[in-house]
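Chain letters run A, B, ... following the sequence lines, proteins first and then strands; every chain starts at 1.
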There are 2 protein chains.
Amino acid sequence: MLLSTKGDYGVRALIDLAKHAGEGPVQRSDIARRRQLPESYLDHLLAQLRRDGFIRSTRGPGGGHELTRAPAEITLLAVLECLEGSLAPIGCVAEANRGGESMCGQSWVWQGIYDDMRKRLEGITIAELVEHERAHERAAVANYSI
Amino acid sequence: MLLSTKGDYGVRALIDLAKHAGEGPVQRSDIARRRQLPESYLDHLLAQLRRDGFIRSTRGPGGGHELTRAPAEITLLAVLECLEGSLAPIGCVAEANRGGESMCGQSWVWQGIYDDMRKRLEGITIAELVEHERAHERAAVANYSI
DNA sequence: TACAATGTCGACCAGATTAGTCGTGAATCC
DNA sequence: GGATTCACGACTAATCTGGTCGACATTGTA
Ligand code: FES
Ligand code: FES
């Protein structure tokens, strides 16, 4: 498994923040409830996202979390690398891409797959995921109203 | 990390067997030495490869392991799925592809990446990896002789 | 037939990772 | 001062990884 729940949960959280952008800070408990995440685990993910500058948090009553950038400027690649570390499919590729050297004769295969994946993920933003979700909601409503 | 050492080691072992195909059974100890693998760990991988019909083994003096098919008919995808199980980048995709259903709104991203990767891996055979390795060896020799 | 070579199988193990929980404390607002 | 909310680190149970080891089965050869 390339991704743990961290990446998935973290992206879900950012989508939630993006959907409520401009409405002031969003609370951990609301994100957790709406996105079905364990709240105290989400805490760790938000901490990491904050450290890497994706969100800003405020304490006290009425506090919560907000995006620091426009959703369209947050790529899935950036989020996932923040939460998961390297997305390299195998150890040697991860090391190679930060200066290492030793690989066996198959590593070109994995390097290719890695490059493809990064390119894909770099082309998808949180804004697009929000739009995707909205479209899905509209479709569900339309279906129900018929 | 999508792949553990199992996949990498197993592919290395099959490359070794392919390189010595037609010369009778190849012994575990020889594979381990040539490919720099821990012999007793390699044992497990060979067992799995045997169970899935990639190799046949014979005991006793002069025994060892051999491929059951031509190297050009063994895809990297098949080998890796034998040794690693599903290569799905995230759990929900693995379940979806064997009949499950529940996914969150991002799973289409991972499904796409998964499909790409499988297609790539299906197009690479052990024979090609052997050829790749031979080309590399020739290049090294040429470089040395200059 | 005895023995050596070889594969087969399962038990066992230490360390890392995953997916959390919990408690204490700090900031903020009222 | 008290309520609310985030911040941070300690702790944990379960699982996975990357092995090792020992007992045993099979086969070729002297
Ligand atoms: S060591 Fe990286 S592919 Fe083999
Ligand atoms: S649950 Fe599979 S991508 Fe979110």
| message | Could you tell me how far apart B/L2 (CG) and D/dC16 (C1') are, to the nearest whole angstrom? | response | 15 Å
| Between the base of D/dT17 and the side chain of B/H44, is there a donor-acceptor distance below 3.5 Å? | no
| remark: What residues 12-37 of chain A contributes to the DNA chain C interface at heavy-atom separation below 4.0 Å is none
| With no hydrogens and no angle check, is any side-chain donor or acceptor of B/E122 less than 3.5 Å from a backbone partner on B/T75? | no
| remark: B/R56 CZ to C/dT6 P, in whole Å, measures 19 Å
| said: Heavy-atom nearest nucleotide on DNA chain C for A/K6 versus B/G60: which residue maps closer to 5'? | reply: B/G60
| message | Check this one for me: any side-chain N or O of B/Y9 less than 4.0 Å away from OP1 or OP2 of D/dG18? | response | no
| task | Using only side-chain N and O atoms of A/S40, determine if any of them is under 4.0 Å from OP1 or OP2 of C/dT21. | result | yes
| task | Applying salt bridge (charged side-chain N to carboxylate O under 4.0 Å, His left out) between B/E81 and each of B/K6, B/R98, B/R118, report the one that passes. | result | B/R118
| query | Quick one: which of A/V79, A/V11, A/T68 gives a side-chain contact (heavy atoms from CB on, under 4.5 Å) with A/I74? | reply | A/V79
| message | Taking the basic N atoms (NZ, or NE/NH1/NH2) and the acidic carboxylate oxygens, is any pair closer than 4.0 Å for B/R35 and B/E133? | response | yes
| query | Is the shortest side-chain N to carboxylate O distance from A/R12 to A/D8 below 4.0 Å? | reply | yes
| field | Minimum-distance nucleotide (side-chain atoms of A/R59 versus D/dG18, C/dC22, C/dA26) | value | C/dA26
| query | Quick one: B/L3 CG to D/dG18 P, roughly how many Å, whole number? | reply | 10 Å
| said: Out of the candidates B/L121, B/T125, B/I124, only one should pair with B/L77 under the side-chain contact (heavy atoms from CB on, under 4.5 Å) rule; please name it. | reply: B/L121
| note | Ranking A/S4 and A/G62 by the position along DNA chain C of their nearest nucleotide, the one closer to 5' is A/S4
| query | Distance check: side-chain N/O of B/S57 vs OP1/OP2 of C/dT8, anything under 4.0 Å? | reply | yes
| message | How many whole angstroms separate atom CG of B/L42 from atom C1' of D/dT20? | response | 14 Å
| query | How long is the line joining NE2 of B/H65 and C1' of D/dT26, in whole Å? | reply | 13 Å
| task | Report the distance from atom CD of A/E66 to atom P of D/dC6, rounded to the nearest whole Å. | result | 11 Å
| said: Donor-acceptor check, side chain of B/E84 to backbone of B/G7, threshold 3.5 angstrom: yes or no? | reply: yes
| Where the side chain of A/P61 is defined as all heavy atoms beyond and including C-beta, which of C/dC29, D/dT17, C/dG7 is the nearest nucleotide? | C/dC29
| query | A/M1 CE to D/dA14 P: how many Å, rounded? | reply | 20 Å
| query | Among D/dT27, C/dT8, C/dA19, which nucleotide sits nearest the side chain of A/Y41? | reply | C/dA19
| message | Could you check whether any side-chain N or O of A/E66 sits under 3.5 Å from a backbone N or O of A/A21, counting only pairs where one atom can act as donor and the other as acceptor? | response | no
| query | Atom CG of A/L46 to atom C1' of C/dA19: distance rounded to whole Å? | reply | 16 Å
| Under the 3.5 Å rule, do the base of C/dC9 and the side chain of B/D43 count as making a donor-acceptor pair? | yes
